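To start, the structure under review is shown below, and the notes come after it.
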Protein chains: 2
Amino acid sequence: MPKKAAADAPLLLGNQLCFAVYSTAHAFNRVYKPLLDRLGLTYPQYLVMLVLWERDSLSVKEIGERLFLDSGTLTPLLKRLESAHLVKRTRSAEDERQVLVGLTTQGAGLREKARTIVPPAILAATGCSVAELTALQKNLVALRESLNSAAGEG
Amino acid sequence: MPKKAAADAPLLLGNQLCFAVYSTAHAFNRVYKPLLDRLGLTYPQYLVMLVLWERDSLSVKEIGERLFLDSGTLTPLLKRLESAHLVKRTRSAEDERQVLVGLTTQGAGLREKARTIVPPAILAATGCSVAELTALQKNLVALRESLNSAAGEG
DNA sequence: GACAATTATATTGCACACAATTTAATTGCG
DNA sequence: CGCAATTAAATTGTGTGCAATATAATTGTC
């Protein structure tokens, strides 16, 4: 029944787009992995370092808000970064519920090495122009906002 | 040094795009989860079922090629689908290295339920027009191809 | 036709990701 | 003030992902 299949096609677009996003995320990871191996980081660890390089000394919650991750993911990840001597974790004096995460000298120093290794290789691997990347990124952020608000209303 | 920062901006686009993809994938997952819970599936399990609903009886390798997943991921996933009585796994008679994965009656029957529950909700949650979704999906697939070929040459 | 190389799964180990629960600290309300 | 409600991390359990390795079957080659 081709008529029914045709009527379903637009409905299936959401599925196809999600798979495109999901599989592109994996493809990105495959490009990042050999680069990040040279820094001794995984991709989520690299994201945390990017956040801290931008603004040092944040609570676990603040890191989580920026990366859309919760303490169940961040706590063990931060412990690994701590045992790699890249960050230190200290209870806040003002609010002892909070754990403040700060860069060590070594963690701050990794920034320059990361800057030379990662962004140029990633940009090249996308095979896209700056204009294309900008447009795609903007569309994805808008999509993410829609999805997050839809999920929030549940 | 604003000059240096400005020079870095285009380089950082790759990073920003990757994070947009990565965080959009998570956002999609948050939308899918309550829907797929009603089917008793995770998102990767749903992907496998979509593949099998499209073409029944595929080897693990063939499923992996369609979804960009390897046996390390698929073997335990398929075992879970098997213990949920949605698929059956049988060694191929012609080539005993291969395991053929086929739908059970129950697995085939789940298709209709999935069709009514998932695609309409996903399409609505994206908040995008069909034209926007089509364009975005096409751009992502092109990006994925670039990334995969870059990773392959690595 | 034996045997090395290749191929298809399976297994192991590590690192996310998130739901659900727990613990401890802080806030808010009467 | 005192206690309930809230909040921040940590913990537990399940399910991916993937690298590396293991195992078994098939293919290619001499």
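Every chain is numbered from 1 and lettered A, B, ... according to where its sequence line falls, protein lines coming before strand lines. Not measured: the values here are computed from a predicted model.
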Worksheet item: Over how many whole Å does the gap from A/H26 atom NE2 to C/dA17 atom P extend?
Response: 11 Å
Worksheet item: Is the number of heavy atoms from other residues, nucleotides or ligands within 6.0 Å of CZ (B/R89) greater than 12?
Response: yes
Fill in: Those residues that, when tested against B/Y43, pass ring pair (Phe, Tyr, Trp, His ring centres under 6.0 Å) (two or more places apart)
A/Y22, B/Y32
Worksheet item: Are A/E112 and A/R115 close enough for a salt bridge, meaning some N to O gap below 4.0 Å?
Response: yes
Worksheet entry | Nucleotide-resolved protein contact map, nucleotides 3-16 of chain C, B/S/- at heavy-atom distance under 4.0 Å | ----BSBBB---SS
Worksheet item: What are the two closest non-hydrogen atoms of A/A114 and A/Y46, and how far apart are they?
Response: CB-CE1, 4.4 Å
Worksheet item: Got a sec, which residues hit side chain to side chain contact (heavy atoms under 4.5 Å, CB included) with B/E96, two or more places apart in sequence or on another chain?
Response: none
Worksheet item: Just wondering, do B/L143 and A/T24 contact through their side chains at under 4.5 Å, heavy atoms?
Response: yes
Discussion item. Distance under 4.0 Å to a non-hydrogen atom of chain B counts as contact; along DNA chain D, which nucleotides mark the start and end?
Written reply: D/dG15 to D/dT26
Worksheet item: Who passes side chain to side chain donor-acceptor pair (under 3.5 Å) against A/E145, sequence neighbours left out?
Response: none
Worksheet item: Between A/E94 (CD) and C/dT26 (C1'), how many Å, whole number?
Response: 13 Å
Worksheet item: side chain to side chain donor-acceptor pair (under 3.5 Å): which pairs involve residues 101-111 of chain B, sequence neighbours left out?
Response: none
